[in-house]
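First up is the structure itself, then whatever we jot down about it.
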Amino acid sequence: ATGGRRRQAVKVWFYWALFWLALGPFIGLFQSTQFFAPRGMEFLAGVGLSYGKLRIMHTNIVIFGWLGGALIGSLHYIVPSLLKTDLHSGRLGAMSAWVWNVALVLNLALIWTGIPGNLLLSVRPYEYAEQPLLVNILITLATVLAIYNIHRTFLARRSEGVYVSVWYLIMGLYLTAFAYVVISFIEPFVFKGGGSQVIQAWWLHNAGGLFITPLGVGLLYFVIPMA
């Protein structure tokens, strides 16, 4: 396959991932000022960038912007390559990347402004899932678009077999959607008290275990044999 549609999607995912890779550590550097220049931290807090807000920005950028974006972008390259076909839709792949990353930009703005008491716009008290409900909706939409695109690509495969990387990457995408929907849309409205804490701990571990790990393993199964 020529891979034209694949390249159209991958470029958007990777350009955004590189942007977040630069911004995430930069915000981490701001956080560190409290250790060697406390007055600088006081200044940042005065403009709405307290240590707590900067930490949420930093972790969200690293997990969803840099790692998540780079891994999902890699998925859009690896899956068509191993299935010996092109991506189902380059436009849809690029659209999913734009929705995902615009949601992350909106997330930073809402964390900074700190709007209280608003169902759609307020930051929520879940580790690694502090995004307001509006951002949850957009990230879920981007994930659904990516799943549809990759699933259609899988159905159009020309390969005789399905290499292990493909299973890890596709199932990682499905499991990511599952875990994110649970913490974003089910936990806040269904679970209370101890049950809520259990679900939050489950998400905290599976942000890595169902999101980063299977996508990362799928990437390694592709890259290491080539090396």
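What you see is a predicted model; the values in this text were computed from it and never measured. For the single chain, residues carry numbers from 1 onward in sequence order.
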**Request:** Say whether, by atom type as modelled, one donor and one acceptor occur between the side chain of Ser122 and the main chain of Leu119 under 3.5 angstrom.
**Result:** no
**Message:** Minimum heavy-atom separation for Ser165 and Gly218, please, with both atom names.
**Reply:** OG-O, 2.7 Å
**Donor-acceptor contact below 3.5 Å, side chain Asn118 vs main chain Leu121** = yes
**Item:** Rounded distance (nearest 0.5 Å) linking atom CG of Leu215 with atom CG of Leu175
**Value:** 9.0 Å
**Item:** Heavy-atom pair with the smallest gap, counting every atom of Leu110 and Pro132
**Value:** CD1-CG, 3.7 Å
**Request:** Please report the C-alpha distance between Phe191 and Gln197 in whole Å, then the side-chain angles of each, then the deciding distance to 0.1 Å, and finally whether the side-chain contact (heavy atoms from CB on, under 4.5 Å) criterion is met.
**Result:** CA-CA 9 Å; Phe191 295 94; Gln197 296 304 309; over 6 Å; no
**Item:** Ser96 side-chain N/O to Gly93 backbone N/O, donor-acceptor pair under 3.5 Å
**Value:** yes
**Message:** Using a 6.0 Å cut-off, check whether atom OH of Tyr77 has over 12 heavy atoms from anything other than its own residue.
**Reply:** no
**Asked** Mind checking whether Phe14 and His76 have side chains closer than 4.5 Å, heavy atoms only?
**Response** no
**Request:** Apply salt bridge (charged side-chain N to carboxylate O under 4.0 Å, His left out) to Glu187 and Lys192, showing your working.
**Result:** CA-CA 8 Å; Glu187 193 283 335; Lys192 305 296 180 184; over 6 Å; no
**same_hphob_cluster(Val162, Ile170) at 4.5 Å side-chain heavy-atom cutoff** = yes
**Message:** As a quick check of understanding, evaluate side-chain contact (heavy atoms from CB on, under 4.5 Å) for Val181 and Thr140, giving each step before the final call.
**Reply:** CA-CA 7 Å; Val181 165; Thr140 302; 4.1 Å; yes
**Message:** Is there a continuous path of hydrophobic side-chain contacts, each under 4.5 Å between heavy atoms, that joins Trp167 to Leu173?
**Reply:** yes
**Prompt:** Would a 4.5 Å heavy-atom cut-off, applied to side chains only, mark Leu49 and Phe43 as touching?
**Reply:** no
**Item:** Close side-chain approach of Val182 and Trp203, heavy atoms under 4.5 Å
**Value:** no
**Request:** Would you please indicate yes or no on a ring centroid separation below 6.0 angstrom for Trp20 and Phe26?
**Result:** no
**Prompt:** Is the shortest heavy-atom distance from the side chain of Phe211 to the side chain of Asn206 under 4.5 Å?
**Reply:** no
**Message:** Can you confirm if the NZ or CZ of Arg157 lies within 45° of the ring axis of Phe154 and under 6.0 Å from the centre of its six-membered ring?
**Reply:** yes
**Request:** Supply the atom-to-atom distance Leu120 CG to Leu134 CG, rounded to the nearest 0.5 angstrom.
**Result:** 5.5 Å
**Asked** Does any non-hydrogen side-chain atom of Leu23 lie less than 4.5 Å from one of Leu108?
**Response** yes
**Request:** Identify whether Val99 and Tyr15 are in the same connected component of the hydrophobic contact network (ILVMFWY, side-chain heavy atoms under 4.5 Å).
**Result:** no
**Prompt:** Is any side-chain heavy atom of Ile78 less than 4.5 Å from a side-chain heavy atom of Leu169?
**Reply:** yes
**Asked** Hey, what do you get for CD1 (Ile61) to CG (Leu54), rounding to the nearest 0.5 Å?
**Response** 9.5 Å
**Among Tyr174, Tyr163, Tyr221, the one residue meeting ring-ring contact (aromatic ring centres under 6.0 Å, His included) with Tyr168** = Tyr221
**Request:** Examine Trp16 together with Trp98 and report whether their ring centres are nearer than 6.0 Å.
**Result:** yes
**Request:** Verify whether one side chain among Asn60 and Tyr128 offers a donor that lies under 3.5 Å from an acceptor in the other.
**Result:** no
**Prompt:** Within the distance-only criterion (no hydrogens, no angle test), does the side chain of Trp100 pair as donor or acceptor with the backbone N or O of Gly68 below 3.5 angstrom?
**Reply:** no
**Complete:** Note: Glu127 and Leu204 closest approach over all heavy atoms is CG-CD1, 3.2 Å
**Request:** Return the minimal non-hydrogen interatomic distance between Pro188 and Arg124, and the atom names on each side.
**Result:** CG-NH1, 3.3 Å
**Message:** Once rounded to the nearest 0.5 Å, what's the spacing between atom CD1 of Ile27 and atom CE of Met57?
**Reply:** 6.0 Å
**Message:** If hydrophobic clusters are built by linking Ile, Leu, Val, Met, Phe, Trp and Tyr wherever their side-chain heavy atoms come under 4.5 Å apart, do Leu220 and Ile72 end up in the same one?
**Reply:** no
**Asked** Going by atom types alone, do Thr153 and Arg6 pair a side-chain donor with an acceptor below 3.5 Å?
**Response** no
**Message:** Determine whether a donor-acceptor pair (N or O, by modelled atom type, separation under 3.5 Å) exists between the side chain of Arg152 and the backbone of Asn149.
**Reply:** no
**Under 3.5 Å: donor-acceptor pair, side chain of Thr59, backbone of Ile56** = yes
**Prompt:** Same cluster for Trp13 and Val223 if Ile/Leu/Val/Met/Phe/Trp/Tyr side chains link at under 4.5 Å?
**Reply:** yes
**Asked** Does the distance from a Lys or Arg side-chain N to an Asp or Glu carboxylate O, for Lys53 and Glu130, drop under 4.0 Å?
**Response** no
**Message:** Keeping Asp86 on the side-chain end and Gly4 on the backbone end, is there a donor-acceptor pair under 3.5 Å?
**Reply:** yes
**Request:** Return the minimal non-hydrogen interatomic distance between Gln31 and His58, and the atom names on each side.
**Result:** OE1-CB, 3.3 Å
**Request:** Can you see which heavy atom on Pro214 is nearest to which on Gly209, and at what distance?
**Result:** CD-O, 3.3 Å
**Request:** Look only at the side chain of Trp202 and the backbone of Ala179, and say whether a donor-acceptor pair between them is shorter than 3.5 Å.
**Result:** no
**Asked** Mind checking what makes ring-ring contact (aromatic ring centres under 6.0 Å, His included) contact with Tyr51, not counting sequence neighbours?
**Response** none
**Prompt:** So do the side chains of Leu104 and Ile139 get within less than 4.5 Å of each other, counting heavy atoms only?
**Reply:** yes
**Prompt:** Does a side-chain heavy-atom distance below 4.5 Å link Val102 with Leu138?
**Reply:** no
**Message:** Within this structure, what is the CE-OG distance for the pair Met226 and Ser81, rounded to the nearest 0.5 Å?
**Reply:** 8.5 Å
**Request:** Give a yes or no answer on whether the side chain of Asn101 reaches the backbone of Ala97 with a donor-acceptor pair at less than 3.5 Å.
**Result:** yes
**Complete:** The reported gap from CH2 in Trp66 to CG in Leu71 (rounded to nearest 0.5 angstrom) is 8.0 Å
